[in-house]
Amino acid sequence: MRLFNKVAAAAAGLCVLISTTALADTVKVEDVTGRQVEVEVPVEHVILGEGRQIYFVGALDKDEPFKRVVGWRDDLAKADPETYAAYLAKYPEIAKLPTFGGMKDGTFDIEQAVALKPDVMLMNIDAKTATEEAGYIEKLEKVGIPLVYVDFREKPMENTEPSMRLIGKLFGKEEKAEEFIKFRADSIAKVTDVLAKANPKKPLVFVERAGGYSDDCCMSFGNENFGKMVEFAGGVNMAKDIIPGTFGTVNPEQIIASNPDQIIVTGGNWEGYVPGGNWVGVGYGADEKEALSKLENLTKRPAFTGVKAVKEGNVHAIWHQFYNNPYQFVAIQQIAKWLHPDLFTDLDPETTFKELHERFLPLPYKSGYFVSLNVGQ
């Protein structure tokens, strides 16, 4: 029973309680960890455990993406400042939304969360260990606030669909969620169907995670996230057998020895984290000329010395945040065009991304998410 309904009942009598709860049903949902959680749906007050969850909230609540949001983590403005600025310009009221620190860094304020009286709290699965160790689930349950886990990061190719269905159920937007899921599946099939028929030779691909974010080299992906996207796009992920989990590190000597055919660097505008860093600032409306310059600069590092991909200009940069939202199908299309340009001359990831914005998202589309040193790609 919602906290605000309890208050209403006490103030105005049982008749008010009946009328307000008549619009809500208590259902048991299963989150991506397999937990069974009781929630009154459709939810009207939501805390986002990460600000970047607006990527999927916006896809289901296109007209009013913040209408349910009573609080959110403070990461979007630093992790994706262009998107945050675009939302702020269109919805200036979000500047007053209560913000939280993270579960993993121990700065989450549970008392503040309780005071906001949410119907549910959405948490990314990567915060599961920290959440459980701090006993937050039990503490929130005691005051009637359910917590559910979603995942677009640890195993996005496996968990995106169930996560979108879960949010669709919570929001009373099941049809919209299924529409999104179908669009995603159809967009991926435009790549996988062609590859299944042509059965081309698969190039060896090294994906560098957040290249230039620090002086260390080189973070990458195992058999998930961008690593899995490369496989869907018809490539062989170089780090697949080196990194046992989703995320890890490959040493520079390994890159030189493996001699990848293609290199893909994930990037974004991380001025808020690493001012003046060497990261490649691709993203919403990014300066592509500057991004290309910074990408070329990264190829001069020792880890890429004499590598085939650098010699042939097959070095590309892609928006890092594809790793943490349900839009991975756009990344798969773009990677496929880089890896197999002759097979995908008619495929246009920009058009796919524009359609995603037009059909599902509150913001107009702006290019800047991909750059390549290979002219024509």
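Just the heavy atoms: all of them, side chains too, but no hydrogens, waters or symmetry mates, feed the values below.
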| field | Asn269 (side chain) donor-acceptor with Gly281 (main chain) under 3.5 angstrom | value | no
| field | Non-hydrogen side-chain atoms of Phe171 and Val57 separated by less than 4.5 Å | value | yes
| remark: When Glu178, Glu179, Glu174 are each screened for salt bridge (charged side-chain N to carboxylate O under 4.0 Å, His left out) with Arg165, the one that passes is Glu178
| message | With a 4.5 Å cut-off on side-chain heavy atoms, are Ile335 and Phe232 touching? | response | no
| request: May I ask you to test the Tyr149-Ile137 pair for a side-chain heavy-atom distance under 4.5 Å? | output: yes
| If you count the non-hydrogen atoms of other residues, nucleotides and ligands that lie under 6.0 Å from NZ in Lys139, is the total more than 12? | yes
| said: Tell me whether Arg153 contacts the main-chain N or O of Asp126 through its side chain, where contact means a donor paired with an acceptor under 3.5 Å. | reply: no
| Heavy-atom closest contact (Arg35 atom, Asp31 atom, distance) | NH1-OD2, 2.8 Å
| said: Consider ring-ring contact (aromatic ring centres under 6.0 Å, His included). Of Trp319, Tyr284, Phe180, which one does Tyr55 pass it with? | reply: Trp319
| field | Ring center gap for Phe353 and Phe322 short of 6.0 angstrom | value | yes
| field | Phe370 vs Val330, side-chain contact (heavy atoms from CB on, under 4.5 Å): CA-CA, chis, key distance, verdict | value | CA-CA 11 Å; Phe370 328 102; Val330 179; 3.7 Å; yes
| remark: Tightest non-hydrogen contact, residues Leu147 and Val37, listed as O-CG2, 3.9 Å
| query | Any idea which heavy atoms bring Gly306 and Asn259 closest together, and the distance? | reply | O-OD1, 4.0 Å
| Roughly how far apart are Lys169 NZ and Ile167 CD1, rounded to 0.5 Å? | 13.0 Å
| Glu154 and Asn159: CA distance, side-chain angles, deciding distance, side-chain contact (heavy atoms from CB on, under 4.5 Å) verdict | CA-CA 9 Å; Glu154 297 295 322; Asn159 288 332; 5.8 Å; no
| So, Glu38 side chain and Thr26 main chain: donor-acceptor pair closer than 3.5 Å or not? | no
| said: Tell me whether Leu361 shares a hydrophobic cluster with Tyr91, the cluster being built from Ile, Leu, Val, Met, Phe, Trp, Tyr side chains joined at under 4.5 Å. | reply: yes
| note | Result for side chain to side chain contact (heavy atoms under 4.5 Å, CB included) between Phe221 and one of Ile243, Val250, Thr266 points to Thr266
| task | Could you tell me which non-hydrogen atom of Met157 sits nearest to which non-hydrogen atom of Ile332, and how far apart they are? | result | CE-CD1, 3.6 Å
| task | Would you confirm whether Glu224, through its side chain, and Gly245, through its main-chain N or O, come within 3.5 Å as a donor-acceptor pair? | result | no
| Would a distance-only check, ignoring hydrogens and angles, find a side-chain to backbone donor-acceptor pair under 3.5 Å from Asp75 to Ala79? | no
| From CG (Leu195) to NZ (Lys197), nearest 0.5 Å | 12.5 Å
| field | Main-chain N/O of Ser367 paired with Lys354 side-chain donor or acceptor, under 3.5 Å | value | no
| task | Calculate, to the nearest 0.5 Å, the distance between atoms CD and CZ belonging to Gln53 and Phe152 respectively. | result | 8.0 Å
| query | With distance as the sole criterion, is a donor-acceptor pair present between the side chains of Glu50 and Asn124 under 3.5 Å? | reply | yes
| query | Are any non-hydrogen side-chain atoms of Val205 and Pro260 less than 4.5 angstrom apart? | reply | no
| said: Among Arg73, Lys117, Gln112, Met121, which residue satisfies the side chain to side chain contact (heavy atoms under 4.5 Å, CB included) criterion with Ile47? | reply: Met121
| field | Any residue meeting salt bridge (charged side-chain N to carboxylate O under 4.0 Å, His left out) with Glu132, in chain and number order, not counting sequence neighbours | value | Lys128
| request: Answer yes or no: is there a donor N or O on one side and an acceptor on the other, between the side chain of Lys62 and the main chain of Glu358, under 3.5 Å? | output: yes
| Yes or no on side-chain contact (heavy atoms from CB on, under 4.5 Å) for Arg209 and His320, after CA distance, side-chain angles and deciding distance? | CA-CA 8 Å; Arg209 180 185 175 202; His320 181 73; 3.7 Å; yes
| Min side-chain heavy-atom separation Leu339-Phe344 under 4.5 Å | no
| query | Okay, side chain of Asp119, backbone of His45: is any donor-acceptor separation there less than 3.5 Å? | reply | yes
| query | Which distance, rounded to the nearest 0.5 Å, do you find between the CG of Leu122 and the CH2 of Trp72? | reply | 13.5 Å
| task | Just do the side-chain contact (heavy atoms from CB on, under 4.5 Å) check on Ile54 and Phe66 with the steps written out, would you? | result | CA-CA 8 Å; Ile54 198 63; Phe66 295 93; 3.6 Å; yes
| said: Is any side-chain heavy atom of Leu373 closer than 4.5 Å to one of Glu296? | reply: yes
| remark: In terms of heavy-atom contacts, Pro362 and Gly58 come closest through CD-O, 3.7 Å
| Chi angles and distances behind the side chain to side chain donor-acceptor pair (under 3.5 Å) call for Ser258, Gln254 | CA-CA 6 Å; Ser258 298; Gln254 182 67 60; 3.1 Å; yes
| field | Validation row: Glu93, Lys96 side chains within 4.5 angstrom (heavy atoms) | value | no
| message | Can a side-chain donor-acceptor contact be found between Gln321 and Tyr327 if the only test is distance below 3.5 angstrom? | response | no
| task | Assess whether atom CD of Glu138 is packed by more than 12 heavy atoms of other residues, nucleotides or ligands within 6.0 Å. | result | yes
| field | Other cluster members, Tyr213 - Ile/Leu/Val/Met/Phe/Trp/Tyr, side-chain contacts below 4.5 Å | value | Trp270, Tyr273, Val274, Trp279
| field | Sidechain-backbone polar pair: Arg52 side chain, Asn325 backbone, donor-acceptor under 3.5 Å | value | no
| field | Close side-chain approach of Glu161 to Arg184, heavy-atom, < 4.5 Å | value | yes
| query | Which atoms form the tightest heavy-atom contact between Leu116 and Pro98, and what is the distance? | reply | CD2-CG, 3.9 Å
| Path from Met219 to Phe206 over hydrophobic side-chain contacts below 4.5 Å | no
| task | Starting at OG1 of Thr246, measure out to NZ of Lys228 and round the result to the nearest 0.5 Å. | result | 9.5 Å
| said: Test your reading of the model: is there a side-chain donor-acceptor pair from Thr131 to the backbone of Tyr136, 3.5 Å cut-off? | reply: no
| note | To the nearest 0.5 Å, atom CZ of Phe304 lies from atom CD1 of Ile255 at 5.5 Å
